[in-house]
Every structure is written in structure tokens, then in C-alpha cells.
Amino acid sequence: MRRRVGAPLAFVFRPYTCALWLKRLIGKVLGRDAHRPPPQPADGMVRSVQIEPLTEADVSSAVQFAVRVLRVKPGDLGEQFASDITDDLRHMFVAKASGQVVAYGRVVELAADEAGPGTPAGCYLSGVLVDPAWRRRGIAIQLTQARLRWAFARTDKVFYVTGADNVASLYLHAAFGFREMKRFRSERSAAGVDVLSQLARTAYEPMLRT
């Protein structure tokens with residue numbers, strides 16, 4: 001793909017390069033590249049991030065984080081996040097630094113057609129959000145790992161839906177072994193098309209053993 005004259009190189013997207021980067025980063029997170037140090041936060045930031053299930057004590061911080069990053073009003077976010085603690089059909093994991101939420105990822109059980117027309121009932125990964133200052137450090141990968149462990153303790157298949165234009169997210173999940181099942185029209189994405197992908201436990205478990 002030819003870069004526009006004057007366009008910053010950082011904005012030139014090369015799918016093959018992105019896929020290699022994601023696979024290498026997943027390898028580090030899974031412990032297959034332990035001789036190299038993990039990515040570190042910028043100077044002045046706490047260098048440790050904990051991935052934990054959301055607790056009642058974290059709800060306020062998670063709401064403040066979502067409001068700041070998404071630039072939305074709090075609305076009923078507190079009630080939504082609290083339900084991720086009490087509802088057996090949904091769960092949220094958070095990444096915390098100095099006790100504050102800097103990222104979260106959700107997983108939820110959905111009925112047939114609830115994720116989109118023709119989508120099956122099952123467990124869906126949903127809603128990963130990472131603070132811009134903490135991106136490209138493997139946090140989304142760790143949140144995805146935590147959600148997959150939670151999901152595969154309850155089911156043999158996990159699903160995922162995103163817009164066809166969300167290429168980075170599609171490559172992230174493909175690196176975990178997700179495979180595209182179908183595409184369908186949707187008003188939720190700028191592309192007007194959503195992609196349904198599926199990951200089977202049998203395809204994911206070998207990644208943890210290698």
C-alpha cells in the first residue's frame with residue numbers, strides 16, 4: 001500500500017506486520033519469549049499492572065475511566081458494571097495500576113440473534129477498552145486471556161463480533177485462534193458490516209501448552 005506524501009508513517013497499516021507483532025506479543029504474554037523483557041509503561045508511570053476480576057470497590061474507578069476515555073456521561077454505567085459482578089451470565093476483568101482501572105474487558109452470555117441476525121446463543125467476548133497511555137503493552141491480550149479462561153470453564157466455544165473495519169481487533173483475535181464464521185449487515189460499525197468469529201476450546205488449549 002503506497003503511503004500518501006506527508007502522511008505520518010505511524011498511520012500506515014500493514015496487516016502482515018500487524019499479525020506478526022500480535023503473535024510475538026502473545027508469545028511473550030504466554031511465556032514463550034521469557035528472555036526478552038515485557039513492554040514497560042512510559043517513564044513516571046507505575047510499571048506493574050494487575051489483571052483482576054471487577055469488584056465492588058473497582059466500580060467507581062471503572063466508571064470514571066470509561067467516562068474519561070469514551071467521553072460519555074456516566075448514565076447507568078455503574079449499574080451495568082455492578083451487574084458484571086452479580087450476574088452469573090456476564091463478567092468483567094480490569095487492569096489496574098496504583099489501584100486505578102486503566103483497562104477493562106467484558107464477557108457475556110447472549111441468546112440466539114442477540115449479537116446480530118443469525119448469531120448463535122453462547123459466550124461472547126465484548127467491550128475491551130484500554131487507556132491510550134497504556135496501549136501497545138499487551139494489556140488487551142492479558143484481558144482476553146483472562147476472559148477466555150473464564151469462558152472455557154463454562155463452555156466449549158467462545159464467540160466474538162466486531163465491525164469489519166476494526167482490523168486491529170480482528171487480527172488480535174485471529175492470533176488467539178478465532179476463525180471467521182460469517183458476516184452480516186450492521187449499523188453498529190462504520191463499515192456497515194459485522195464479523196462473527198468463533199474459537200473452540202480444542203483450538204485454544206494447545207497455545208497454553210506450547
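One is the number of the first residue; the rest follow in order along the sequence.
Judged purely by atom type and a 3.5 angstrom limit, Arg135 uses its side chain to pair as donor or acceptor with the backbone of Val130. With Arg185 contributing its side chain and Gly192 its backbone, the two residues share no donor-acceptor pair below 3.5 Å.
For the pair Asp194 and Gly163, the tightest heavy-atom approach, listed with the atom from each and the gap, is OD1-CA, 3.4 Å. Between Ala151 and Cys123 the shortest heavy-atom distance is CB-SG, 3.6 Å. What you find for Val67 and Lys73 is that their closest heavy atoms are CG2-C, 4.2 Å. Ile139 and Ala95 get closest at one heavy-atom pair: CG2-CB, 3.7 Å. Of all heavy-atom pairs spanning Leu199 and Ala203, the tightest one is CD1-CB, 4.1 Å. Contact between His173 and Ser169 at its shortest, heavy atoms only, is ND1-O, 2.8 Å.
The shortest distance between side-chain heavy atoms of Val59 and Ile85 falls below 4.5 Å. Using a 4.5 Å cut-off on side-chain heavy atoms (C-beta onward), Trp150 and Met92 make no contact. Under the 4.5 Å side-chain criterion, counting only non-hydrogen atoms from C-beta, Phe178 is not in contact with Leu170.
A single hydrophobic cluster is not seen to contain both Leu143 and Val94; linkage of ILVMFWY side chains at heavy-atom distances under 4.5 Å, directly or through other members, places them apart. By the criterion of side-chain heavy atoms lying less than 4.5 angstrom apart, applied directly or through intervening Ile, Leu, Val, Met, Phe, Trp or Tyr residues, Leu129 is not grouped with Phe93; the two fall into different hydrophobic clusters.
Remark: Gln64 engages Ser60 in a side chain to side chain contact (heavy atoms under 4.5 Å, CB included) (not counting sequence neighbours). Taking the side chain to side chain contact (heavy atoms under 4.5 Å, CB included) definition, one finds that Arg68 meets it with Phe65, Asp131, sequence neighbours left out. Shown here are the side chain to side chain donor-acceptor pair (under 3.5 Å) partners of Gln80, two or more places apart in sequence or in another chain: Asp76. Not counting sequence neighbours, the partners of Ala62 by the side chain to side chain contact (heavy atoms under 4.5 Å, CB included) test are Leu54, Phe81, Val101. Under the side chain to side chain donor-acceptor pair (under 3.5 Å) criterion, Asn166 pairs with Thr162, not counting sequence neighbours. Partners of Ala121 by side chain to side chain contact (heavy atoms under 4.5 Å, CB included), not counting sequence neighbours, listed by chain and number: Ala112. Every residue was checked against the side chain to side chain donor-acceptor pair (under 3.5 Å) condition with Asp87, not counting sequence neighbours, and none meets it. For the side chain to side chain donor-acceptor pair (under 3.5 Å) test, no residue two or more places apart in sequence or in another chain qualifies with Ser83.
For residues 50-60, every residue pair satisfying the salt bridge (charged side-chain N to carboxylate O under 4.0 Å, His left out) rule, not counting sequence neighbours, is listed here: Glu52-Lys96, Asp58-Lys96. For the side chain to side chain donor-acceptor pair (under 3.5 Å) condition, the pairs that include at least one residue of residues 99-111, sequence neighbours left out, are Ser61-Gln100, Asp84-Arg106. Counting only residues at least two apart or on different chains, the salt bridge (charged side-chain N to carboxylate O under 4.0 Å, His left out) pairs with a member in residues 162-182 are Glu180-Arg183.
From His91, atom NE2 reaches atom OG1 of Thr86 across 11.5 Å, with rounding to the nearest 0.5 Å. Atom NZ of Lys157 sits about 10.5 Å away from atom CZ of Phe152, to the nearest 0.5 Å. How far CD1 of Ile141 is from CG of Leu172: 6.0 Å, rounded to the nearest 0.5 Å.
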Query raised in the report: Given Ile51 and Gln145, is the side-chain contact (heavy atoms from CB on, under 4.5 Å) satisfied, shown in steps?
Result: CA-CA 10 Å; Ile51 306 296; Gln145 278 187 280; over 6 Å; no
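Leu110 shares a hydrophobic cluster with Val108, Tyr124, Phe159, Val161, Met181, Phe184, Leu196; the chain of contacts runs through ILVMFWY side chains whose heavy atoms sit under 4.5 Å apart.
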